[in-house]
Structure formats: C-alpha cells, structure tokens
Amino acid sequence: MIAKALDGLHARQKVTAENIANAGTPGYRPLAVSFEANLRAAAGKDAAAIAAVEPRTYLAADAPIPGELRLDLEIATAAQTSMRYGALIDLLGRQMALHRAVVSGGR
C-alpha cells in the first residue's frame with residue numbers, strides 16, 4: 001500500500017514538474033494526477049486490488065480559466081507532494097526498523 005502511494009506521489013511530482021517547466025509555453029494545458037480515491041477504495045479489498053491501482057493523469061480542469069496554469073498552485077502542489085512523500089518514506093523506515101527488531105529478537 002505504501003509503495004502504491006509512493007508511485008502515485010512520484011507520478012504527481014513528475015506531472016507538476018512538467019507543468020512548472022511549461023508555465024510560459026503558449027497553449028500548454030496543465031495536467032493533474034489522481035490515485036488517492038482508488039487506493040482508498042482498494043484498501044478495503046485485497047492485495048490484488050491494491051496492486052491494480054495506477055495513478056491517472058488527466059487535463060487539470062479546476063483552473064479558474066480552463067487550461068490556464070497557475071504557477072502558485074503548482075508550486076503548492078509540489079511542496080505538498082514532497083511533504084507527503086517524505087512522510088511515507090519515514091513511515092516505511094519505521095516499519096523496516098520494526099521488522100529488523102523482530103528478526104533480530106530485539107537485540
């Protein structure tokens with residue numbers, strides 16, 4: 001589950017970087033990535049359902065002017081995605097430390 005969330009956040013970070021890089025490109029239409037709702041729904045099922053979740057990339061339609069890129073919102077998305085990614089990496093590290101403690105018998 002954590003790996004799938006990291007995959008989704010990685011996809012979002014890539015798309016956000018593309019949006020920022022193309023901020024001045026005439027006619028560029030910003031993209032967005034979603035995966036949280038599908039991952040949340042799959043979490044109530046089984047491992048196969050979680051494994052089947054893939055990030056979905058689509059044209060961002062929530063801009064005040066359709067197709068317009070807001071650089072401030074893209075930077076906020078990049079910061080939020082980075083913080084979430086860091087939190088999941090920290091959680092993964094703690095999980096691995098617990099496994100290590102169990103395997104070593106707590107020594």
Side-chain angles (χ1 to χ4, degrees):
M1 178 102 144
I2 292 174
K4 280 294 180 179
L6 289 172
D7 289 347
L9 291 171
H10 175 72
R12 179 170 294 144
Q13 196 71 351
K14 276 180 57 179
V15 163
T16 303
E18 287 176 22
N19 288 344
I20 291 171
N22 287 295
T25 304
Y28 178 77
R29 298 177 69 191
L31 301 172
V33 171
S34 70
F35 65 94
E36 290 94 342
N38 290 342
L39 189 56
R40 193 174 307 116
K45 298 177 184 170
D46 57 6
I50 293 171
V53 173
E54 295 294 331
R56 186 177 72 87
T57 303
Y58 57 95
L59 287 174
D62 57 350
I65 300 171
E68 178 186 338
L69 185 129
R70 294 250 333 252
L71 193 54
D72 58 336
L73 295 179
E74 294 297 329
I75 291 171
T77 298
Q80 182 186 51
T81 302
S82 180
M83 286 189 323
R84 287 174 149 186
Y85 198 92
L88 285 177
I89 291 295
D90 183 56
L91 182 63
L92 199 57
R94 291 172 192 243
Q95 196 176 51
M96 290 176 71
L98 283 172
H99 288 248
R100 193 176 316 117
V102 169
V103 169
S104 68
R107 288 179 249 159

> Minimum heavy-atom separation for R70 to D72, with atom names?
Replying inline: NH2-OD2, 2.7 Å
> Are F35 and L59 co-members of a hydrophobic cluster defined by side-chain heavy atoms under 4.5 Å apart?
Replying inline: yes
Taking distance alone, no hydrogens or angles, what donor-acceptor pairs closer than 3.5 Å link side-chain atoms of residues 3-10 to residues at least two apart or in another chain?
| unit_1 | atom_1 | unit_2 | atom_2 | d |
| --- | --- | --- | --- | --- |
| K4 | NZ | A51 | O | 3.1 |
| K4 | NZ | V53 | O | 3.0 |
| K4 | NZ | E54 | OE2 | 3.2 |

>> Measuring from atom OG1 of T57 to atom NZ of K14, what distance do you get when rounded to the nearest 0.5 angstrom?
In response: 8.5 Å
> Does anything in residues 73-86 pair up under side chain to side chain donor-acceptor pair (under 3.5 Å), and if so which pairs, sequence neighbours excluded?
Replying inline: N19-E74, E36-R84
> Judged by atom type as modelled, is there a donor-acceptor pair below 3.5 Å linking the side chain of D46 to the main-chain atoms of A49?
Replying inline: yes
>> Give me the atom names and distance for the closest heavy-atom approach of M1 to A43.
In response: CE-CB, 3.3 Å
> When rounded to the nearest 0.5 angstrom, what is the spacing between CZ in R29 and CG in L69?
Replying inline: 12.5 Å
> When you look at V33 and R56, which way does the side-chain contact (heavy atoms from CB on, under 4.5 Å) test go after all the steps?
Replying inline: CA-CA 5 Å; V33 171; R56 186 177 72 87; over 6 Å; no
Just list the side-chain donor-acceptor pairs under 3.5 Å for residues 87-101, sequence neighbours left out, or say none.
| unit_1 | atom_1 | unit_2 | atom_2 | d |
| --- | --- | --- | --- | --- |
| D90 | OD2 | R94 | NE | 3.0 |
| D90 | OD2 | R94 | NH2 | 3.3 |

> What's the spacing between I20 CD1 and L73 CG if we round to 0.5 Å?
Replying inline: 10.5 Å
